[in-house]
Amino acid sequence: MRQAAAPAVRSYRRTGPRGTRIPDRTGGYRPEHIPAFLEERWYQEHLAPLQINTEAKSVRRLAAVLLVQQASGRAKGDAADFLGINPTGGQFAATSTLLRRLRDGQDAFNAALHNLAEELDRATDPTNYQRRRELLRDWSLPSGTWHEIITRLPPVPGPVRPNLGNRVRQEASAFVWAYVTCGEPLFAPRHIEAAQPPDTRQAWRQRRANTWFQLSRSDALNHYTALRGLLCQHGDALIEKIESGTSTSIR
């Protein structure tokens with residue numbers, strides 16, 4: 001398993017009495033330039049040609065962890081923790097199917113990751129994803145902002161009105177967080193949910209996946225399509241605020 005997922009982007013050397021591993025590099029991309037979920041373009045251009053699309057989610061997580069490891073010399077678990085992925089829960093780990101496929105095509109995977117790292121090294125103005133993650137660590141959509149967003153939604157025909165309460169506000173917050181940080185909603189802060197009673201939190205968790213699916217599917221109903229567009233607009237505004245460099249916190 002370790003061999004199949006072994007990073008081959010950077011060479012390493014051992015230093016110190018305990019054999020600490022540090023990368024042989026003096027420039028190029030840094031750990032903060034790696035999103036927790038590999039950017040879609042990076043994946044499509046470098047890893048999708050390996051024809052492992054059925055394991056795309058695991059590949060994008062694993063590649064992000066390995067890139068951080070190469071830039072920092074961290075262990076895989078530490079690299080995952082840096083990205084905000086829970087290593088003790090195994091959320092970043094490759095599936096057995098992916099590991100088997102990587103064993104069969106390890107050279108191609110290593111070459112693809114190497115080429116991606118070289119592209120990142122050449123970037124002149126890389127995004128600091130770690131700054132975004134840090135600024136949004138305690139963030140969720142304020143109730144006033146949520147009200148402004150939902151009042152801009154087009155009317156829904158028929159007598160049944162969609163539920164746009166705090167549960168949906170929590171999932172919308174996770175969507176925006178993932179959009180801004182290039183992460184996954186699974187790892188978003190969940191402060192609105194955490195403030196609820198235990199039975200409510202359990203009920204919300206059971207409906208979480210369906211709401212994410214509706215917000216992300218390309219053929220979503222008009223209601224969700226409009227909501228997704230408004231959430232992306234808000235995400236773009238947050239990105240602009242963060243990238244301006246004038247904010248130390250985001251509300």
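On a predicted model such as this, the values are computed, not experimentally measured, just so you know.
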Inset, instruction - For the pair Y179 (side chain) and A174 (backbone), establish whether a donor and an acceptor sit closer than 3.5 Å, ignoring hydrogens and angles. - result: no
Inset, instruction - Report the residue from R169, R208, Q170 that forms a side-chain hydrogen bond (donor to acceptor under 3.5 Å, both in side chains) with E193. - result: R208
Inset, instruction - Classify the ring geometry between W139 and H234 as parallel (under 30°), tilted (30 to 60°) or perpendicular (over 60°). - result: parallel
Inset, instruction - Consider only side-chain heavy atoms of I, L, V, M, F, W and Y, link residues closer than 4.5 Å, and tell whether L231 and L186 are in one cluster. - result: yes
Legend entry - Pair S143-H147, side-chain contact (heavy atoms from CB on, under 4.5 Å): steps then yes or no: CA-CA 6 Å; S143 56; H147 178 73; over 6 Å; no
Legend entry - Reference residue I242; test side-chain contact (heavy atoms from CB on, under 4.5 Å); the match among T181, V180, N128, T127: V180
Legend entry - Least distance between heavy atoms, T211 atom then R167 atom: OG1-NH1, 2.9 Å
Legend entry - Donor-acceptor contact below 3.5 Å, side chain S72 vs main chain R74: yes
Inset, instruction - Would you kindly say whether Q130 and H33 are connected by a side-chain donor-acceptor distance under 3.5 Å? - result: no
Legend entry - Beyond-backbone contact of L38 with L62, side-chain heavy atoms, under 4.5 angstrom: no
Legend entry - Donor-acceptor pair, side chain of S58 and main chain of E55, under 3.5 angstrom: no
Legend entry - SB check R60 E184 (cutoff 4.0 Å): no
Legend entry - Common cluster, I192/W146, ILVMFWY with side-chain heavy-atom separation under 4.5 Å: no
Inset, instruction - Using a strict 4.0 Å threshold on nitrogen-to-oxygen distance, state whether R152 and E148 make a salt bridge. - result: no
Inset, instruction - Could you walk me through whether W212 and E171 pass side chain to side chain donor-acceptor pair (under 3.5 Å), step by step? - result: CA-CA 7 Å; W212 292 350; E171 303 316 327; 2.8 Å; yes
Inset, instruction - Decide whether a cation-pi geometry holds between R133 and F187; the criteria are a distance under 6.0 Å from NZ or CZ to the six-membered ring centre and an angle within 45° of the ring axis. - result: no
Legend entry - Minimum heavy-atom distance L215-Y224, with the two atoms named: CD2-CD2, 4.0 Å
Legend entry - Verify same cluster id: F175, F37 (apolar side-chain graph, 4.5 Å): no
Inset, instruction - Report yes or no: does E39 contribute a side-chain atom to a donor-acceptor pair with the main-chain N or O of P35 at less than 3.5 Å? - result: no
Inset, instruction - Quick one: do Q202 and R205 satisfy side chain to side chain donor-acceptor pair (under 3.5 Å)? Show the steps, please. - result: CA-CA 5 Å; Q202 177 62 26; R205 282 193 292 270; 2.9 Å; yes
Inset, instruction - Answer yes if L141 and W204 sit in the same cluster of Ile, Leu, Val, Met, Phe, Trp and Tyr residues linked by side chain heavy atoms under 4.5 Å apart, and no otherwise. - result: no
Inset, instruction - Taking W177 for its side chain and R190 for its backbone only, find out whether a donor-acceptor pair lies under 3.5 Å. - result: no
